Visitor: 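Handing you this structure, nothing more for now.
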Amino acid sequence: MRRATWFNAVSLTLGFAFLYIPMLILIIFSFNESKLVTVWAGFSTRWYGSLIHNQAFLDAAWVTLRVAVFSSTLATVLGTMAAYVLVRVGRFRGRTLFSGMIYAPLVMPEVITGLSLLLLFIAIGLDRGILTIVLAHTTFSMCYVSVVVSSRLVTFDRSIEEAALDLGCTPFEAFRLVTLPIIMPAVVSGWLLAFTLSLDDLVIASFTAGPSATTLPIKIFSSVRLGVSPEINALSTIMIGIVAVGVIVTSLMSKRAIARQAREEKAAMQSV
């Protein structure tokens, strides 16, 4: 094991400082009394109260939350199915084309993806709204889910699944009772990744959103163009807090699941 050096420590510190100091400044100025976001005028929570009564931001947040939940859930289902086919089915006619179509959104510029989806929705006569945003976010986020789940399926011990088949399970029952619980941490990670990508997306949503469906990133971008409001600092602080809590809860649940699995495997080995 390599020993930590001063160079590594300084580089790590500077890297974390570059990432998190701007967020810390944003959080501090969200409690600023002044309307000017760059001038400190005392501690206050007035902008959080003002944000609660800002109906435009609340409507955009509700639209964003619905889109993120629906698109991430659909992307997780489709991405898991695609990963299972790529890892388990083996070679089949059209596999190269299928895998290329799955992974293409990873390297495709978002502008191209958004413009292509916009032309598609216009061609089929589908009015832009929440449905089109959900379909667009599902399209580009399912590939990330597929990558995460595929990495877990590659390292999966298939002898456990084969044992379930030998004991009388059908292939679907073996997947539902054995495979899916084991790869569930990867599936949950893929869902969280798709959820985060949907929350953060601006470019694709700007192409596929209609007048009746404005997401929070679009609303924030439109507001910032006219000047940064302290309400945006308050909103960003709330989002940072929600994400931080979600990451901590997910990490604790994953650790407990791994510990429980280790105990069950140990108990099974002792009973043999």
Side-chain angles (χ1 to χ4, degrees), residues 1-45 47-48 51 64 68 72 79 103 105-111 113 140-141 143-152 154-155 183 185-205 216-218 220-221 223-225 227-259 261-262:
M1 181 180 295
R2 294 183 178 180
R3 296 180 59 186
T5 62
W6 283 106
F7 177 78
N8 293 337
V10 172
S11 300
L12 186 63
T13 302
L14 292 177
F16 278 111
F18 180 78
L19 289 174
Y20 292 106
I21 284 180
M23 296 184 186
L24 181 61
I25 295 174
L26 183 146
I27 293 173
I28 292 174
F29 275 92
S30 69
F31 297 98
N32 188 12
E33 175 69 24
S34 174
K35 293 183 178 180
L36 301 176
V37 295
T38 58
V39 178
W40 181 260
F43 180 86
S44 176
T45 58
W47 302 115
Y48 289 89
L51 178 64
T64 302
S72 58
Y103 299 133
L106 289 170
V107 295
M108 189 73 67
E110 290 186 345
V111 175
T113 303
F140 82 88
S141 60
C143 61
Y144 294 90
V145 178
S146 180
V147 170
V148 174
V149 177
S150 295
S151 63
R152 181 65 184 92
V154 168
T155 59
I183 67 172
V187 175
V188 173
S189 299
W191 188 93
L192 291 174
L193 180 59
F195 184 83
T196 304
L197 290 171
S198 179
L199 286 180
D200 182 63
D201 177 66
L202 171 64
V203 178
I204 295 178
L216 196 56
I218 296 177
I220 293 176
F221 181 73
S223 301
V224 169
R225 294 176 63 185
V228 180
S229 170
E231 292 180 0
I232 298 178
N233 291 345
L235 177 61
S236 302
T237 301
I238 293 174
M239 294 180 66
I240 292 173
I242 293 174
V243 171
V245 171
V247 170
I248 293 173
V249 171
T250 304
S251 299
L252 293 176
M253 291 176 61
S254 298
K255 289 182 179 179
R256 290 183 178 179
I258 293 173
Q261 182 178 355

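Please read these numbers as outputs of a predicted model, since none were measured by experiment.
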Visitor: Whether the N8 and T5 side chains hold a donor-acceptor pair (N or O, under 3.5 Å, no angle test) is what I'd like checked.
Guide: yes
Visitor: At what distance, to the nearest 0.5 angstrom, does CG of L24 lie from CZ of F29?
Guide: 10.5 Å
Visitor: I need the I183 CD1 to S189 OG distance, nearest 0.5 Å.
Guide: 11.5 Å
Visitor: Could you tell me whether the side chain of W191 reaches within less than 4.5 Å of the side chain of V145, counting heavy atoms only?
Guide: no
Visitor: Looking only at heavy atoms, which two atoms of V148 and A186 are closest? And how far apart?
Guide: CG1-O, 3.5 Å
Visitor: I want to check something: taking the side chain as every heavy atom from C-beta on, are F31 and W47 in contact at a cut-off of under 4.5 Å?
Guide: no
Visitor: Just how far is it from atom CG of L14 to atom CD1 of I21, taken to the nearest 0.5 Å?
Guide: 9.0 Å
Visitor: Quick check for you: to the nearest 0.5 Å, what is the distance between I28 atom CD1 and M23 atom CE?
Guide: 14.0 Å
Visitor: How long is the straight-line distance from OG of S223 back to CD1 of I218, given to the nearest 0.5 Å?
Guide: 11.5 Å
Visitor: For F16 and Y20, take the angle between the two ring planes, folded into 0 to 90°, and tell me which bin it lands in: parallel under 30, tilted 30 to 60, perpendicular over 60.
Guide: parallel
Visitor: Run the side-chain donor-acceptor check on residues 232-244: report pairs under 3.5 Å with partners two or more places apart or on a different chain.
Guide:
residue : atom : partner : partner atom : Å
S236    : OG   : I232    : O            : 2.8
T237    : OG1  : S30     : OG           : 3.2
T237    : OG1  : N233    : O            : 2.8

Visitor: Do T196 side-chain atoms and L192 backbone N/O form a donor-acceptor pair below 3.5 Å?
Guide: yes
Visitor: Is any side-chain heavy atom of L202 closer than 4.5 Å to one of E110?
Guide: no
Visitor: Which pair of non-hydrogen atoms, one from P22 and one from A17, has the smallest distance, and what is that distance?
Guide: CD-O, 3.8 Å
Visitor: Compare all side-chain heavy atoms of S44 with those of N32 and state whether any distance is below 4.5 angstrom.
Guide: no
Visitor: Is it true that a side-chain atom of S198 and a backbone atom of F195 form a donor plus acceptor pair closer than 3.5 Å?
Guide: no
